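Chain naming here is simple, since letters A, B, ... match the order of the sequence lines and numbering starts at 1 in each. Keep in mind it's a predicted model, so treat the numbers as computed, not measured.
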4 protein chains.
Amino acid sequence: MKSSPDIKSRKPFPDRPRGRPRSVEARRAILKAAHELLAEGGLSSATIEGIAARAAVGKPTIYRTWPNAHAVAMAALMESDEAGESVAEKQPAPKPNERSSSALTALRTQLHEVARVFSAPLGRSVTLIIAAAEADTELSKAFRNHFILARRNEGRALLAGAMSNGEIRRDLDIDVALDLIYAPVFYRLLMGHAPLTSRFIDDVLNVALQGLAR
Amino acid sequence: MKSSPDIKSRKPFPDRPRGRPRSVEARRAILKAAHELLAEGGLSSATIEGIAARAAVGKPTIYRTWPNAHAVAMAALMESDEAGESVAEKQPAPKPNERSSSALTALRTQLHEVARVFSAPLGRSVTLIIAAAEADTELSKAFRNHFILARRNEGRALLAGAMSNGEIRRDLDIDVALDLIYAPVFYRLLMGHAPLTSRFIDDVLNVALQGLAR
Amino acid sequence: MKSSPDIKSRKPFPDRPRGRPRSVEARRAILKAAHELLAEGGLSSATIEGIAARAAVGKPTIYRTWPNAHAVAMAALMESDEAGESVAEKQPAPKPNERSSSALTALRTQLHEVARVFSAPLGRSVTLIIAAAEADTELSKAFRNHFILARRNEGRALLAGAMSNGEIRRDLDIDVALDLIYAPVFYRLLMGHAPLTSRFIDDVLNVALQGLAR
Amino acid sequence: MKSSPDIKSRKPFPDRPRGRPRSVEARRAILKAAHELLAEGGLSSATIEGIAARAAVGKPTIYRTWPNAHAVAMAALMESDEAGESVAEKQPAPKPNERSSSALTALRTQLHEVARVFSAPLGRSVTLIIAAAEADTELSKAFRNHFILARRNEGRALLAGAMSNGEIRRDLDIDVALDLIYAPVFYRLLMGHAPLTSRFIDDVLNVALQGLAR
DNA sequence: GGATAATCGAGACGGTACGTCGCGTCTTCAT
DNA sequence: ATGAAGACGCGACGTACCGTCTCGATTATCC
């Protein structure tokens, strides 16, 4: 009921903003447009002007929420990822604790999956955005967390499982181990000095597991 | 026939370019200006307009040689690297075959050096350019060769030395091993999910040598 | 001296392209190219660059003879006019002294002819060049003489004839009379406020004559 | 009330342009700058780049309103003419119907004025622009109307007055008569074959009148 | 219910940089 | 020593986006 203003005005946090609320439709249209442009023409096609035009939205509506086109692209990629039609959709569940040696198998599967996803056009955009993002913005960190750390954490769990069932050494620094495993994929992706084949991924894992020394 | 064509056809440079040759001074000024701008403001400061202004050169003179600002930046970085005031200057010679265990030591030294160089502002520009370079242009390949493969080849020699003196296994695929070692450096540099410390580099090498498994 | 110029200069026909008498050919090619470009795209298409390309001639070769594209255009129009395929080709001879009243008839005929010629694309270029020519260059004057004064002189002769046979007043200032007659044609051509019809020319002459006649 | 759409649909300007209206200040600054440049260096000095710089305005702001520098020059000359500091400022009112013979006197005065105005630098720019204007653009026509037809219409009124008070013949085609009178001024201005003196104008009128008068 | 306020779309604003064209001058090679 | 070829510094062109700023209109909450 409207007639009890004292209660409403005294409410501690909800603090509804005055004025007209931002349009969810507009937001959705913007992110959809950005996602499409990223998919069609890559990072450089996702301009504010182009997004606004395709979303039938004013430019200030975009700037009200995001500081620049980069940020919109990040938001679009993260949102679409959550929505399911994904850059890096969840694989059918790793199940690390099935039986002996299954942790490493799962890790191998996940690594192939990561390579597949980030080789795709949208995946390339993701890595480029992360690489080019200079400042340690909140959004930058969130974006990195979403696409890089999330997979690292899956890997971390798998490695922990592999530790506990004796598949790998117990004295490992897991962060170092994770970088050792994931880095070659992105290295080849970004530097492009050699193709990122399925065979290469297997080889990397094998060599990493056995070690170079003898 | 106006003259004896056999003589003409025997000239050593059959299609020497006609007309006024391109000015070496202009080229030098352009690359110098580009290099300075890269060092001062990073990749985004190296615009054609800015380079032309600083080099006291017309824009068409730049476009006559390079197709875009990216290419000029590549040329500038490569040229300056050769000139000595380098993004990645040669270390005082590795000498891999001195004595036992020295190959791996040299590799470790080189890896630290690579990390140092590519952490610097100009080094970051180099990796960003490589990552963002879309097509497999000739210039792109040359640039990658210059900055990535050159160091890989040094590493390749060191690894071969380590193989021959028994420091590492002889059944290794050296390309895989090289990626395993160099990738984590660039991975941290480009993804920025964790700092690229000296300690980390040592750890990576150690773990890689020993292997994850036990 | 490498050769005996007296021999070369004494040869009757300049046929052989042995030495270097290319200059005449080049000149012809330049003027031809300029004329074609003028005819195809008007004054603004006749650029030095375009002329040089079409004539397969170096730009300095053009600048050696003419100071700018305007001058080349003038030369091309004058030359072609002399050559016969003319902007303002000679009509089959006026013959002002045939019989009584024929002087004015001839004047009328010539005026129609002038209007026809200067209405054509190349004629428009001629008037535009004259109008836009700022300085009183020698070439400018020559050009004006060729295209404007030549016709004025024809008209002057006709008017003098008309004077002597009593068709017009004897106390006229012929220069004023000539301007009175020719001006309306160019006025309509250049200002374009009304069409330049055959009827209009007759009307102008009639009205003008009402005062000139006696 | 805002919510009654019938009232809204009855609004007098149904398709008022949306978005931010164009800045009148910017427009004024642009036209002022163009006018100054025209006065200082003639037609060729009025470049888009120069105008934008002097007006402290972005180039796209100019292109949003005018298609090229020519059009800006036209607008500037017309606007300034209306503003008073004029290329062809209004003389103190002709008053054609005062007394006998005054219509022709007024015409003579106006013709001198026209010659004076179009001999001045800005006046030359005006005629050059009209002569060079290729297409029958709306702006071209408006420009011609403003500078040529306006004066013709003054002259038309004067001639009509001269007709009605018997100074000139009543069976004249006024348009032909007007061209006969104004054309010599512009003819000499544009062709430059002879100087445009005050004496010449009087002579032209006298000779022309010998026929017009009755 | 009326005022207030933040939103919406649209699009113009001052700018920066783009990549191109033509200018008039120069430099080099082959005749 | 001339001629073609073409690079040079320069200046202007017209376009694409940037991020900001009005506009009128819309949609909420608050008084």
Can you tell me how far [atom2] of [N] sits from [atom1] of [X], to the nearest Å?
{"X": "B:Asn68", "N": "E:dT20", "atom1": "CG", "atom2": "P", "result": "11 Å"}
{"X": "B:Glu25", "N": "E:dC26", "atom1": "CD", "atom2": "P", "result": "15 Å"}
{"X": "D:Ile62", "N": "E:dC13", "atom1": "CD1", "atom2": "P", "result": "10 Å"}
{"X": "A:Trp66", "N": "F:dC18", "atom1": "CH2", "atom2": "P", "result": "15 Å"}
{"X": "A:Tyr63", "N": "F:dT22", "atom1": "OH", "atom2": "P", "result": "17 Å"}
{"X": "A:Ile51", "N": "F:dG19", "atom1": "CD1", "atom2": "C1'", "result": "14 Å"}

Exercise. Tell me, do C:Phe143 and C:Leu77 make a side-chain contact under 4.5 Å, heavy atoms counted?
Worked result: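 Yes, at least one pair of side-chain atoms sits under 4.5 Å.
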For this session: Please work out which residues in residues 41-48 of chain D have a non-hydrogen atom less than 4.0 Å from an atom of DNA chain F and list them by number.
Result: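 Nucleic-acid contacts, sorted: D:Thr47, D:Ile48.
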Problem set entry | First of C:Ala69 and D:Arg22 reached from the 5' end of DNA chain E, by closest nucleotide |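 With C:Ala69 and D:Arg22 compared, the 5'-side residue is D:Arg22.
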For this session: Could I get the full list of side-chain hydrogen bond (donor to acceptor under 3.5 Å, both in side chains) partners for D:Ser23, not counting sequence neighbours?
Result: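 D:Ser23 satisfies side-chain hydrogen bond (donor to acceptor under 3.5 Å, both in side chains) with no residue once adjacent residues are dropped.
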For this session: Could I get the full list of side-chain hydrogen bond (donor to acceptor under 3.5 Å, both in side chains) partners for B:Arg124, not counting sequence neighbours?
Result: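 Partners of B:Arg124 by the side-chain hydrogen bond (donor to acceptor under 3.5 Å, both in side chains) criterion come out as none, since no residue qualifies.
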For this session: Please name all residues satisfying side-chain contact (heavy atoms from CB on, under 4.5 Å) with A:Glu40, sequence neighbours left out, ordered by chain then number.
Result: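 A:Glu40: side-chain contact (heavy atoms from CB on, under 4.5 Å) contacts with A:Glu36, A:Leu37, A:Arg54.
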Exercise. If you look only at pairs with a residue in residues 61-71 of chain C, which of them pass as a salt bridge (Lys or Arg N to Asp or Glu O under 4.0 Å), with sequence neighbours excluded?
Worked result: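 Non-adjacent pairs meeting salt bridge (Lys or Arg N to Asp or Glu O under 4.0 Å): zero.
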Exercise. Would you find a donor on one side and an acceptor on the other, under 3.5 Å apart, between the side chain of C:Thr137 and the backbone of C:Ser140?
Worked result: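 Judged by distance alone, no pair lies under 3.5 Å.
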Exercise. Should the pair A:Glu138-A:Lys141 be classified as a salt bridge under the 4.0 Å nitrogen-to-oxygen rule?
Worked result: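 Yes, A:Glu138 and A:Lys141 are salt-bridged.
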For this session: Select from D:Pro67 and A:Pro67 the residue whose nearest nucleotide in DNA chain F is closer to the 5' end of that strand.
Result: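 Residue closer to the 5' terminus by nearest nucleotide: D:Pro67.
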Exercise. About how many Å separate CD1 of B:Ile51 and OG1 of B:Thr61, when rounded to the nearest 0.5 Å?
Worked result: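 Going from OG1 on B:Thr61 over to CD1 on B:Ile51, the span is 13.0 Å.
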Give every pair of a protein N or O atom and an N or O atom of nucleotides 9-11 of chain F that lie under 3.5 Å apart, one pair per line with the distance.
residue	atom	partner	partner atom	Å
F:dG9	OP2	B:Thr61	OG1	2.7

Exercise. Judged by modelled atom types alone, do D:Thr65 and D:Arg22 share a side-chain donor-acceptor pair under 3.5 Å?
Worked result: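 Yes, D:Arg22 and D:Thr65 have a side-chain donor paired with an acceptor closer than 3.5 Å.
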Exercise. Is there a donor N/O on one and an acceptor N/O on the other, under 3.5 Å, for the side chain of D:Arg20 and the base of F:dC21?
Worked result: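 Pair found.
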